[in-house]
Amino acid sequence: MRKKTWLTWLVMMLAVTLVLAGCGKSKQTAGGGSDKPSTQDTLVYGRGGDSVSLDPATVTDGESLKVTKNIFDTLLDYNDNDTSVKPALATEWTISKDGLTYTFKLRQGVKFHDGTEFNADAVVFNFERWANGNADKFPYYGSMFGGYKQDDSHVIKEVKALDKYTVQFVLKRPQAPFLKNLAMTPFAIASPEAVKKYGDKFGEHPVGTGPFVFKEWKRNERIVLEKNKDYWEKGYPKLNRLIFVSIPDNSARLNALLKGEIDIMEDLNPTDLKQVEGNKEFQIFKRPSMNVAYVGLTATRGPLKNKLVRQALNYAVDKKAIIDAFYAGQAEPAKNPMPPSIPGYNDAIQDYPFDLNKAKELLAKAGYPNGFEIELWAMPVPRPYMPDGQKIAEAIQANFAKIGVKAKIVTYEWATYLDKLAKGEADAFLLGWTGDNGDADNFLYALLDKDSIGSNNYTYFSNDELHKILVEAQTVSDENKRNELYKKAQEIIKEEAPWIPLVHSTPLLAGKANIQGFNPHPTGSDKFTKVEFR
Amino acid sequence: MLSYVVRRVLMVIPVLFGMSLVVFFMIRAIPGNPAQVILGQKATKEAVAALTHKLGLDEPWYVQYVKYIGGLLRGDLGESIRTGAPIAKEIWPYLAATIELSLAAMLIAVIIGVNAGIISAWFQNSWFDYIAMVLALIGVSMPIFWLGLMEQWLFSIQLDWLPTAGREDVRNPIEPITHLYLIDTLLSGNTDQFWQVVQHLVLPSMALATIPMAIIARMTRSSMLEVMKSDYIRTARAKGLSMFWVVYKHSLKNAIIPVLTVIGLQTGLLLGGAILTETIFSWPGIGRYIYDAIGYRDYPVIQSGILIIATIFIFINLIVDLLYAIIDPRIKYN
């Protein structure tokens with residue numbers, strides 16, 4: 001018996017020694033160090049979650065679109081650094097004077113990954129598929145094009161193939177952001193043959209014309225894409241393989257980057273910035289900001305019904321201090337509900353300065369000289385626009401306390417949080433938004449119009465004048481006139497103060513120093529066509 | 001004995017039935033509409049309503065429950081409402097990942113925990129005893145999240161010994177056969193990949209083992225102290241038998257029974273700790289599968305996932321009970 005125990009121990013010790021000895025070899029991870037960079041042709045991209053489906057038309061989550069952006073092409077694409085459009089599968093286009101007919105010339109000689117040919121019929125097939133669907137099958141199509149075939153509000157009257165490489169869209173009424181909408185990842189052109197072949201399972205077998213071909217998907221672990229050797233952009237893509245891995249925790253993801261297990265990580269905590277910046281082996285990528293973080297002030301609840309109170313709270317928040325403390329300076333204070341990069345941004349608006357006396361004065365005027373008590377809801381999950389909801393809420397709580405407003409911090413698990421917000425149960429709450437297509441409508445109408453109450457207008461703010469302007473702006477096709485309308489809208493919002501706009505943050509990514517050609521896009525979906533290792 | 005086993009196995013059925021009922025209602029009591037969560041913050045009201053209807057979530061609760069149980073009886077665990085994938089088909093790789101991790105963790109916890117407990121008891125009030133018990137106290141109260149990150153920082157980044165996350169090197173992936181990678185890599189005879197799997201296992205299983213290890217050590221110690229006070233041990237020691245003879249031949253058999261209970265319970269609890277460990281080490285196991293499902297209000301996945309874990313838990317306890325009889329022949333099952 002005694003011998004046996006000792007034997008067990010001995011075997012265990014041996015095993016441990018072997019493990020540790022084996023560890024010495026762990027350097028062999030391909031491209032782990034910077035010693036053999038030129039041979040590296042596989043890029044591992046670390047992100048926080050997994051995709052839902054790889055059929056971009058059926059999903060709304062950013063994680064899915066991030067991957068499909070590289071498997072599929074859209075008719076038009078966004079330029080590298082903003083949301084202005086450039087040719088992609090369509091090489092040129094003409095718009096009729098009345099803004100109702102769009103005619104696109106298509107790129108010739110492009111093949112889908114399954115070898116079938118891309119042509120005008122394929123485009124018609126895709127749009128027919130979406131238009132004949134419904135909100136639960138193709139959610140983005142309905143929200144961007146006013147509904148589906150049977151709906152009166154549906155913007156697209158018909159899509160027809162004029163010849164093999166010419167396709168024409170006829171609209172029922174002008175839609176200002178039409179071209180921008182076409183460039184959205186959900187409206188990527190899929191192989192009709194593959195859609196017919198896989199049916200409902202197309203989301204697991206995506207076939208497009210994009211720079212990378214779908215290879216493998218292990219749920220919650222990784223998605224592997226391989227180079228499309230016949231890609232229409234000659235000489236591209238540079239990489240042979242592109243792997244998306246999910247590592248949920250931001251700090252653990254940073255550890256994986258530092259160890260060389262992944263090449264790029266997204267959602268770097270602003271507080272970790274220093275750790276990477278001082279390291280020669282890595283570089284920081286800054287994603288141009290297309291987001292806003294805000295404190296919503298539910299306009300139907302208690303003292304917040306009063307405009308003066310909402311203005312007072314706006315005067316009471318020290319945005320600069322919040323940016324320094326929680327964003328490591330990687331954000332700019334927000335004065336409007338949309339970021340400056342969006343056309344129609346009203347830069348003439350003067351933000352409420354941090355002025356406690358003015359705030360107290362307004363509170364007294366509103367009939368609350370001694371303040372009041374409210375709940376302040378803190379976001380339970382980190383987002384690029386809100387790295388730490390709890391701490392930011394504490395800072396705002398301290399600000400409010402200085403004018404006599406006692407805020408009790410409340411938080412719920414994320415799905416519950418949104419559900420309760422949608423029902424209008426919060427007084428003041430932290431939230432944010434990342435734009436989809438770089439259009440003002442996607443911020444102002446989606447977040448503050450009375451039509452959006454119950455979906456994304458969580459403050460229940462309802463203003464008829466604003467509504468009139470926002471609806472008008474949806475149909476005006478003259479860009480300048482449209483921008484004027486949005487500028488006016490921002491003035492109303494500033495005055496009515498349903499929000500305390502906090503910041504427009506710069507989302508941070510970190511990657512190996514020898515990566516080049518990677519340009520994080522404001523939409524959050526990046527194309528890896530031109531990325532390579534030096 | 002056999003009739004006892006049969007009775008115990010049959011008892012599992014009402015327990016699982018009750019479990020299914022409790023889980024079914026508990027997750028529906030949490031606010032949050034799956035359709036809303038799945039479609040995201042940006043979905044329109046119409047889209048949410050349409051999906052709610054399609055998923056059958058607008059039906060009365062008893063219709064939903066009867067449908068669910070009907071499916072279960074046919075061996076159908078349902079479909080994930082988020083991905084549409086059949087759970088029965090999808091769940092094994094996650095379960096396998098967790099089983100591999102838990103077994104590794106339990107192995108570490110039992111071997112180190114039991115032996116540390118024995119040595120502490122034997123040399124009661126020695127420096128070893130003090131240090132071990134202080135460490136055990138720290139171990140019990142250690143947040144796994146923090147421990148995991150510290151392990152990564154020390155063993156992966158500073159010492160460069162072990163990988164930080166995942167089950168395998170994504171640049172050199174393993175071809176799954178059984179989805180238990182230790183076995184798969186042995187089956188395919190790829191020793192390099194076998195070591196890769198072992199290396200990936202070390203940090204998460206150490207993190208996961210910490211709490212049960214500490215509890216087992218303390219339990220073993222007190223149980224051993226109890227036994228060692230008894231007359232027959234004093235006699236054995238008086239006869240001049242060596243420590244190991246006394247401990248492993250005479251004391252351990254009697255001391256181990258309460259420890260065994262703890263081991264059984266801890267193995268079940270491990271599945272809870274696995275959620276945190278799996279998140280930090282991005283281990284694609286069932287803990288994370290269910291955790292993600294809760295975030296998305298993916299009812300079928302939560303229900304079926306918890307039911308499977310409950311089944312495993314019940315059978316572990318059954319095995320522990322049966323082990324009593326083998327270790328201590330005085331225990332009879334009638």
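Residue numbers begin at 1 in each chain, while the letters A, B, ... track the order of the sequences.
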Side chain / backbone / both / neither for [X] at chain A, heavy atoms under 4.5 Å:
X        : answer
B/Phe155 : neither
B/Glu90  : side chain
B/Phe145 : side chain

Would you check if [X] and [Y] make a side-chain contact, meaning some heavy-atom pair closer than 4.5 Å?
X        : Y        : answer
B/Ser282 : A/Ser246 : no
A/Arg222 : B/Pro173 : yes
B/Leu162 : A/Lys259 : no
B/Tyr289 : A/Arg219 : no
B/Pro163 : A/Glu261 : yes
B/Thr164 : A/Leu258 : no
A/Ile247 : B/Phe281 : no

Query raised in the report: Taking atom CD of B/Glu175 as the centre, does the number of heavy atoms from other residues, nucleotides or ligands within less than 6.0 Å exceed 12?
Result: no

Query raised in the report: CE of B/Met26: more than 12 outside heavy atoms within 6.0 angstrom?
Result: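 No, not enclosed.
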
Query raised in the report: So, are A/Glu221 and B/Arg288 salt-bridged, with charged N and O less than 4.0 Å apart?
Result: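 Answer for the salt bridge query: no.
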
Per-residue contact mode, [X] against chain B (heavy atom under 4.5 angstrom):
X        : result
A/Asn250 : neither
A/Asp50  : backbone
A/Ile453 : backbone
A/Val52  : both
A/Asp61  : neither
A/Asn255 : both

Query raised in the report: Given the options A/Ala256, A/Ala422, A/Ser452, which has more heavy-atom pairs under 4.5 Å with chain B than any of the others?
Result: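 Heavy-atom pair counts peak at A/Ala256.
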
Least distance between heavy atoms, [X] atom then [Y] atom:
X        : Y        : answer
A/Glu413 : B/Ile294 : OE2-O, 4.3 Å
B/Glu168 : A/Lys218 : OE2-NZ, 3.7 Å
A/Ala252 : B/Ile280 : CB-O, 3.2 Å

Query raised in the report: Which one, B/Thr52, B/Leu51, B/Asp292, leads in non-hydrogen pairs under 4.5 Å with chain A?
Result: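 Most heavy-atom pairs within the cutoff with chain A belong to B/Leu51.
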
Requested in this report: Decide yes or no on side-chain hydrogen bond (donor to acceptor under 3.5 Å, both in side chains) for B/Arg297 and A/Thr416, but give the supporting numbers first.
Outcome: CA-CA 10 Å; B/Arg297 300 289 185 273; A/Thr416 310; 2.7 Å; yes

Query raised in the report: What's the spacing between A/Asp249 CG and B/Glu278 CD if we round to 0.5 Å?
Result: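 The CD atom of B/Glu278 is 14.0 Å from CG of A/Asp249, to the nearest 0.5 Å.
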
Query raised in the report: Roughly how far apart are B/Ile157 CD1 and A/Gln275 CD, rounded to 0.5 Å?
Result: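 These two atoms lie 7.0 Å from each other.
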
